Number of protein chains: 2
Amino acid sequence: MKAAPLPPAFADGVFAAGCPSRTVLDHVTSKWGVLILVALSEGEQRWSDLRRRAEGISEKMLAQTLKTLERDGLVSRDAQPVIPPRVDYSLTERGYELSALLVPLVAWAFDNADEIINGTGKAK
Amino acid sequence: MKAAPLPPAFADGVFAAGCPSRTVLDHVTSKWGVLILVALSEGEQRWSDLRRRAEGISEKMLAQTLKTLERDGLVSRDAQPVIPPRVDYSLTERGYELSALLVPLVAWAFDNADEIINGTGKAK
DNA sequence: CAGGATCCCCTAGGATACTG
DNA sequence: CAGTATCCTAGGGGATCCTG
């Protein structure tokens with residue numbers, strides 16, 4: 001099976017141990033990173049929305065993931081000074097760009113999950 | 001920022017705790033899974049090639065990653081009964097399909113890594 | 001409501017040595 | 001060459017309690 005590989009320009013760097021892309025990939029493809037990014041691709045959402053949306057996520061991990069993504073400039077945080085507090089999260093332009101790549105990946109995983117995990121038929 | 005979200009059909013399942021896609025995503029977006037898949041998108045490669053290519057990977061993790069991907073039907077293993085041993089790895093059709101989604105992601109990470117990590121300007 | 005702060009566990013992942 | 005077998009640890013990630 002031959003393929004559409006990485007442009008040769010990337011071929012060097014991407015596999016290098018010290019390449020910053022390693023870090024970015026780690027953040028972005030972390031257990032919850034993907035889900036949060038994809039969830040936000042549907043538009044601005046509140047903390048509690050995300051908490052319920054990404055079923056199974058702990059408060060700690062939601063906070064941590066959000067903070068990392070914010071530092072990376074992928075997610076923007078809008079805290080409103082009201083009581084009770086209200087904080088909305090949304091994608092930055094760059095985050096949106098990324099989510100456009102992530103959404104097809106997640107959709108693919110969803111489509112193929114059954115066959116991959118349960119070996120339900122080889123057809124495709 | 002509004003977006004091209006997941007088709008509503010996926011919206012439910014993907015975020016559910018028990019969804020098999022969680023497992024698939026974990027395998028595929030694992031630290032080394034992405035790199036191996038992308039490396040193989042360039043064509044069949046030997047164990048030792050991959051070991052050198054994915055700079056920093058340990059033998060243990062290479063073996064483990066390859067085995068998981070093989071079980072998932074994404075990578076196929078071709079062991080030739082010669083001395084010294086020679087084993088080639090390549091993508092299955094499904095793995096190839098997946099790599100087509102992964103390659104742009106890695107390329108994006110590579111392009112944006114510097115600005116994300118070092119905050120080198122906001123321009124794009 | 002939206003988190004911080006703590007404590008703790010588990011396992012992904014590294015290092016090293018050995019083998020068919 | 002292409003792995004397995006062991007041992008070991010950093011930190012990803014969960015549970016719980018606290019607060020502006």
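Chain letters run A, B, ... following the sequence lines, proteins first, then strands; residues in each count from 1. Note that the structure is predicted; figures quoted are calculated from it, not measured.
Checked options A/Asn112, A/Asp114, A/Asp111, A/Ile116; the residue passing with B/Val24 is A/Ile116 (criterion: side-chain contact (heavy atoms from CB on, under 4.5 Å)).
Summarising the geometry, the separation between CZ on B/Arg22 and P on D/dG13 is reported as 12 Å, rounded to the nearest angstrom. Going from atom NZ of B/Lys31 over to atom C1' of D/dG11 covers 11 Å, rounded to whole Å. Here the P atom of nucleotide C/dG14 and the CD1 atom of B/Ile57 are 8 Å apart, to the nearest Å. B/Asp78 has its CG atom 18 Å from the P atom of D/dC1, to the nearest Å. Going from atom CG of A/Asp26 over to atom C1' of D/dA10 covers 14 Å, rounded to whole Å. The separation between A/Leu62 atom CG and C/dG3 atom C1' is 9 Å, rounded to whole Å. The distance from atom CD of A/Gln64 to atom C1' of D/dG12 is 7 Å, rounded to the nearest whole Å. Atom C1' of nucleotide D/dC1 and atom CD of B/Gln45 are separated by 16 Å, given to the nearest angstrom.
Taking CG from B/Leu105 and OG1 from A/Thr29, the interatomic distance works out to 7.5 Å, rounded to the nearest 0.5 Å.
With sequence neighbours left out, B/Asp49 forms a side chain to side chain contact (heavy atoms under 4.5 Å, CB included) with B/Gln45, B/Arg46, B/Arg52. Residues satisfying the salt bridge (charged side-chain N to carboxylate O under 4.0 Å, His left out) test with A/Glu55, not counting sequence neighbours, are none. Annotation: side chain to side chain donor-acceptor pair (under 3.5 Å) contacts of B/Arg86 (sequence neighbours excluded): B/Asp88. For A/Ser30, the side chain to side chain donor-acceptor pair (under 3.5 Å) test picks out no residue, with sequence neighbours left out.
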- Note on the structure: Protein heavy-atom contacts under 4.0 Å, written 5' to 3' over nucleotides 3-9 of chain D as B (base), S (sugar-phosphate only) or - (none), form the string BB--B--
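Note on A/Arg46: every side-chain N or O is 4.0 Å or more away from OP1 and OP2 of C/dC1. Applying the 4.0 Å criterion to OP1 and OP2 of C/dA2, one finds that A/Ser48 has a side-chain N or O inside that range.
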Tell me which donor-acceptor pairs under 3.5 Å the side chains of residues 66-76 of chain A have, and how far apart each pair is, sequence neighbours excluded?
from    : atom 1 : to      : atom 2 : distance (Å)
A/Thr68 : OG1    : A/Gln64 : O      : 3.0
A/Asp72 : OD2    : A/His27 : ND1    : 2.5
A/Ser76 : OG     : A/Ser90 : OG     : 3.3

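In terms of position along DNA chain D, the nucleotide closest to A/Ser30 lies nearer the 5' end than the nucleotide closest to the other residue of the pair A/Pro85 and A/Ser30.
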